[in-house]
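Report on the structure given below.
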Amino acid sequence: MPMIEQDIKAAVAHILTTQYSAAITADQVTINKTNKEHTGDFTVVVFPLARFTKLAPEAAGQAIGEALKTTCDFIAEFNVIKGFLNLVLTDEYWLTRLGKIASNPTYGTFAPNGSKVVLEYCGPNTNKPLHIGHVRNMLIGYSMSEILKAAGSDVTKVNIYNDRGIAISQSMVAYTRFANGATPESTGIKGDHFVGDWYVKFNQVALEEVGALCNAPEDKAEAKKQTKIFKEAQELLLKWEAGDPETMALWKKMNGWVYQGFQQTFNLIGVDFQKDYYESETYKLGKDIIEEGLAKEVFYKRADGAVAVDLTPEGLDEKVLLRSDGTSIYITQDLGTAQLRYEEFGMDKMIYVVANEQDYHFKVLKLALQKLGKQWADGIFHLSYALVESPTGRFKSREGKTADADDLIAEVMRIAEDRTKELGKIEGLSETEAQQLYHTIGLGALKYFVLRVNPYKKIIFNPEESIDFHGHTGPFIQYTHARICAITRKAGSIAETTTIDTSHPLTAEEKELLVLLADYENTVRNAAEKVDPSELANYIYQLAKTYNKFYHESPILNANTDAEKSLRVALSAQTGAVIKKGMKLLGIAVPERM
RNA sequence: GGCCUGGUAGCUCAGUUGGAUAGAGCAACAGCCUUCUAAGCUGUGGGUCAUUGGUUCGAAUCCAAUCCAGGUCACCA
């Protein structure tokens with residue numbers, strides 16, 4: 001809660017306690033931003049307060065308003081409509097806020113709050129390329145880490161590669177059978193796509209073999225497991241688990257290609273990790289925790305030998321944590337990996353950016369660790385995001401190229417190039433500058449498209465329609481920034497000023513913009529608290545839109561007076577700065593020209 | 001079937017701890033480049049906030065039931 005709103009609440013509470021002997025605290029006062037159609041900056045909702053004054057809501061509003069005006073020097077005037085007390089703050093107050101913003105280079109970033117966060121995101125399988133689901137994951141994960149850092153947390157970004165198992169074994173089998181020693185270099189295919197192609201090939205061959213075995217579609221899933229090629233893959237997995245040198249060498253070689261390919265995509269999108277984990281190294285973890293749980297009698301060994309935990313008191317089921325043959329399953333290694341990270345980082349919060357299909361899994365993970373009495377497990381948070389779907393339903397990895405991350409990025413950059421050339425905006429740019437601009441705009445469009453939607457809501461993405469560049473989009477915000485840069489460039493040294501003349505009256509457009517600017521800090525903190533980048537994305541759009549209106553209505557460099565000019569330049573400069581900072585927290589770059 | 005998420009304009013989405021006449025963008029239509037970047041600005045039309053009931057000064061928001069969509073309920077990951 002920004003200071004000013006807290007101050008008003010406290011003042012209202014003070015008036016009610018001293019003048020009406022009401023037992024009321026500041027928290028009980030409801031205050032909102034005033035709706036556009038009414039005059040005012042903040043509105044006190046009088047209905048719940050009226051009973052303390054023994055007056056009708058309207059009269060109570062009047063009485064409180066008068067008392068506020070005399071006690072608070074930042075309140076210029078007020079009006080009462082029904083039970084709503086609208087307060088207008090003085091222009092001086094707002095201009096002082098602008099001065100504080102302008103003179104604070106770190107406006108919107110908070111002092112360290114002592115919180116240590118480990119944030120896991122991306123989590124790809126190494127048998128196929130990244131797709132649009134990973135894109136959403138990465139954008140949410142990266143921007144969330146930036147937002148948390150701005151809010152004062154110490155964040156470590158980690159990735160986990162699902163680099164072992166039956167899927168990569170299948171790619172390996174197909175590669176061995178059909179590739180004739182081809183490599184990404186020899187074919188010119190990006191490494192992750194290259195390996196993914198062999199995974200697709202495996203499934204084609206398996207289907208052909210199924211066709212030979214049976215015709216009934218309902219038996220196909222079962223029949224697939226009976227195919228020769230499927231059995232080969234299973235055998236290969238066993239060889240891998242036994243550490244067979246030849247198998248390991250091929251596995252390392254193919255995964256190496258994949259990592260190279262992934263890294264290119266990470267670079268293109270602009271995401272990074274401080275630490276990588278590999279399932280091949282973590283999949284045996286967790287046995288200690290199982291032992292610990294058995295010793296503490298939180299877990300129990302069933303008659304069949306499997307270790308389980310009873311979560312029926314929590315409304316879940318009995319959950320097996322270790323196979324009856326003593327080997328690990330998914331949850332076992334996640335328990336172990338969590339413990340490992342706690343030992344490595346001592347974090348008080350661990351955020352998993354993982355799709356909402358795994359809600360149940362993370363409930364189990366958190367509960368199991370809590371039952372073991374691990375304090376830090378309270379800080380486990382599953383940032384559960386919904387899937388990206390096509391208008392006809394889920395994207396299937398085999399259906400269509402449009403869900404592929406690299407294709408999507410290439411497409412959106414191509415559109416950026418076309419648009420930019422159409423508008424004749426590449427004059428004076430070198431080829432590399434132009435390419436850089438297409439990248440900035442294209443990625444900006446894609447990232448904003450994804451990030452403006454609340455993570456827990458599914459995104460409908462129609463690959464038939466290209467991502468928009470007008471309206472509520474990334475390029476719109478980028479354009480606004482470029483426009484502001486043109487202003488501040490021409491304004492020269494005036495744009496550097498951090499002192500504000502607080503006696504100058506504000507126009508409606510100036511004030512609307514300033515009020516919004518003053519709200520940035522609050523927005524960053526809200527986005528961090530709610531663990532939701534869309535909060536910030538929507539704020540920046542609002543800010544850009546408000547600026548464009550201001551820009552259209554108010555001459556800046558051609559203002560009537562010097563005082564007006566310097567105020568408007570200052571407003572422009574600060575808006576530009578906030579757009580740039582805010583977009584950076586979203587992982588989106590803003591150009592100075594476009 | 002149990003549990004979890006969603007359902008707001010033709011489409012894609014906002015909507016703070018319950019607050020005033022539910023907002024944007026896209027699409028459609030009509031205007032604005034002789035002043036700082038028109039990827040912009042302005043205007044028009046478009047709504048049973050899934051349905052029904054409840055809670056209260058006040059409900060898109062909270063509660064209950066129902067309908068629809070998706071997910072999940074593996075010794076897969």
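Note on naming: letters A, B, ... go to the chains in the order of the sequence lines (proteins, then strands), and numbering restarts at 1 for each one. Just so it is clear, the values below take in all heavy atoms, side chains as well, and ignore hydrogens, waters and symmetry mates.
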* Asked: Taking a pair as Watson-Crick or G-U wobble with both distances under 3.5 Å, which nucleotide is matched to B/U17?
  -> none
* Asked: Taking 4.0 angstrom as the limit, do A/Arg414 and A/Glu417 come out as a salt bridge?
  -> no
* If you measure from the P atom in B/G15 to the same atom in B/G6, how many Å do you get, rounded? -> 12 Å
* To do: Using the P atom on both, measure B/U8 against B/G70 and round to a whole Å.
  => 15 Å
* Think A/Tyr479 has a side-chain N or O under 4.0 angstrom from the OP1 or OP2 of B/A39? -> yes
* A/Phe362-A/Phe381 aromatic ring centre distance below 6.0 Å -> no
* Structure fact -> Nearest heavy-atom contact between A/His38 and A/Ile81 is CD2-CD1, 3.3 Å
* Would you please test A/Asn125 and A/Asn162 for side chain to side chain donor-acceptor pair (under 3.5 Å) and show each step? => CA-CA 5 Å; A/Asn125 295 329; A/Asn162 303 305; 3.2 Å; yes
* Are the aromatic ring centres of A/His361 and A/Tyr330 under 6.0 angstrom apart? -> yes
Every protein N/O within reach of nucleotides 68-74 of chain B N/O, cut-off under 3.5 Å:
unit_1, atom_1, unit_2, atom_2, d
B/C73, O2', A/Asp317, OD2, 3.0

* Asked: In whole angstrom, what separates A/Ile556's CD1 from B/C41's P?
  -> 14 Å
* Asked: Can A/Asn79 and A/Thr39 be counted as having a side-chain donor-acceptor contact under 3.5 angstrom?
  -> no
* Using atom C1' of each nucleotide, how far apart are B/A69 and B/G31 to the nearest Å? -> 42 Å
* Distance, rounded to the nearest Å, where A/Asn526 contributes CG and B/G15 contributes P -> 11 Å
* To do: Go through the side-chain N and O atoms of A/Thr473 and A/Asp468 and say whether any donor and acceptor fall under 3.5 Å apart.
  => no
* Determine which nucleotide pairs with B/A24, using a 3.5 Å limit on both distances of a Watson-Crick or G-U wobble pair. => B/U12
Taking only N/O atoms, report every protein-nucleotides 21-27 of chain B pair under 3.5 Å with atom names and distance.
unit_1, atom_1, unit_2, atom_2, d
B/A24, O2', A/Tyr541, OH, 2.8
B/G25, OP1, A/Lys545, NZ, 3.1
B/G25, O2', A/His472, N, 3.1

* Which is true for A/Ile459 with a 4.0 Å heavy-atom rule: it touches a base, it touches only sugar-phosphate, or it touches nothing? -> sugar-phosphate
* Asked: What is the distance, rounded to the nearest whole Å, between atom CD1 of A/Ile460 and atom P of B/U12?
  -> 6 Å
* Watson-Crick or G-U wobble partner of B/C67, both distances under 3.5 Å -> B/G7
* Looking at the rings of A/Tyr199 and A/Phe202, which for Trp means the six-membered one, are their centres under 6.0 Å apart? -> no
* Asked: A/Tyr456 near the nucleic acid: base, sugar-phosphate alone, or nothing, with a heavy-atom cut-off under 4.0 Å?
  -> sugar-phosphate
* **C1'-based separation of B/A24 from B/G43 [nearest Å]** => 16 Å
* To do: Could you tell me the separation between the CD1 atom of A/Ile477 and the C1' atom of B/A14, rounded to a whole number of Å?
  => 13 Å
* To do: Answer with yes or no whether A/Thr420 presents, from its side chain, a donor or acceptor under 3.5 Å of a partner atom in the base of B/A39.
  => yes
* To do: Pick base, sugar-phosphate or nothing for A/Val45, based on heavy-atom distances below 4.0 Å to the nucleic acid.
  => base
* Pick base, sugar-phosphate or nothing for A/Thr43, based on heavy-atom distances below 4.0 Å to the nucleic acid. => base
* Could you check which of B/A38, B/A77, B/G19 has an atom nearest any side-chain atom of A/Glu279? => B/A77
* To do: Answer with base, sugar-phosphate or nothing: what part of the nucleic acid does A/Thr332 contact at a heavy-atom distance below 4.0 Å?
  => nothing
* Asked: Are OP1 or OP2 of B/G40 and a side-chain N or O of A/Asn548 less than 4.0 angstrom apart?
  -> no
* **For B/A30, the Watson-Crick or wobble partner whose two distances fall under 3.5 Å** => B/U42
* Structure fact -> Side-chain contact check for A/Phe47: nearest option of B/A39, B/C57, B/C4 is B/C57
* Asked: How far, in whole Å, is B/C62 from B/G7 if one measures between their P atoms?
  -> 11 Å
* To do: Answer yes when A/Glu564 and A/Arg568 have at least one side-chain N-carboxylate O distance shorter than 4.0 Å, and no when they do not.
  => yes
* **Flag, side chain of A/Tyr547 to backbone of A/His481, donor-acceptor distance under 3.5 Å** => no
* When you get a sec, tell me which of B/A39, B/A20, B/U42 is the closest nucleotide to the side chain of A/Phe84? => B/A20
* Atom C1', compared across B/A14 and B/A74: separation rounded to whole Å -> 39 Å
* Do A/Phe47 and A/Phe84 have ring centres separated by under 6.0 Å? -> yes
* Classify the nucleic acid contact of A/Glu318 as base, sugar-phosphate or nothing, counting any heavy atom under 4.0 Å across all strands shown. => nothing
* To do: Would you kindly give the CD1-to-P distance between A/Ile484 and B/G40, to the nearest whole Å?
  => 14 Å
Please write out the pairs of protein N or O atoms and N or O atoms of nucleotides 7-9 of chain B separated by less than 3.5 Å, giving the distance to one decimal.
unit_1, atom_1, unit_2, atom_2, d
B/G7, OP1, A/Lys457, NZ, 3.1

* Only one of A/Val353, A/Asn454, A/Asn356 clears side chain to side chain contact (heavy atoms under 4.5 Å, CB included) with A/Tyr385; which? -> A/Val353
* Quick one: classify the glycosidic conformation of B/C29 as syn or anti, with syn meaning within 90° of 0. => anti
* To do: Counting Watson-Crick and G-U wobble pairs only, both distances under 3.5 Å, name the nucleotide matched with B/U72, or none.
  => B/G2
* Asked: Quick one: is B/C3 close enough that its OP1 or OP2 comes under 4.0 Å of any side-chain N or O from A/Lys363?
  -> no
* **Touch class at under 4.0 angstrom, heavy-atom based, for A/Pro48 against every strand present** => base
* Taking atom C1' in both B/G71 and B/C75, what distance in whole Å separates the two? -> 22 Å
* Asked: In terms of side-chain geometry, is the basic nitrogen of A/Arg525 or A/Glu529 positioned less than 4.0 Å from the acidic oxygen of its partner?
  -> yes
* To do: Nearest whole angstrom, please: distance from the P of B/C76 to the CG of A/Asp334.
  => 15 Å
* Asked: Pick the nucleotide of RNA chain B nearest each of A/Ala306 and A/Phe449; which residue has the one closer to the 5' end?
  -> A/Phe449
* Output yes when A/Lys549 and A/Glu509 qualify as a salt bridge under the 4.0 Å nitrogen-oxygen rule, no when they do not. => no
* To do: Please measure how far the C1' atom in B/C73 lies from the corresponding atom in B/G10, and state the result in whole Å.
  => 38 Å
* Separation of A/Tyr385 atom OH from B/G6 atom P, in whole Å? -> 17 Å
* Let me know, please, whether A/Arg489 or A/Phe476 comes out on the 5' side of the other along RNA chain B by nearest nucleotide. => A/Arg489
* Asked: Is the side chain of A/Arg136 donor-acceptor paired with the backbone N or O of A/Ala386 at a distance under 3.5 Å, no angle test?
  -> yes
* Asked: Between A/Tyr448 and A/His472, does the ring centroid distance fall short of 6.0 Å?
  -> yes
* To do: Kindly point out which of B/C36, B/A39, B/C75 is positioned nearest to the side chain of A/Leu423?
  => B/A39
* **Under-3.5 Å donor-acceptor pair between A/Asn86 side chain and B/A20 base** => yes
* d(CG, A/Asn462; P, B/G10) in whole Å -> 18 Å
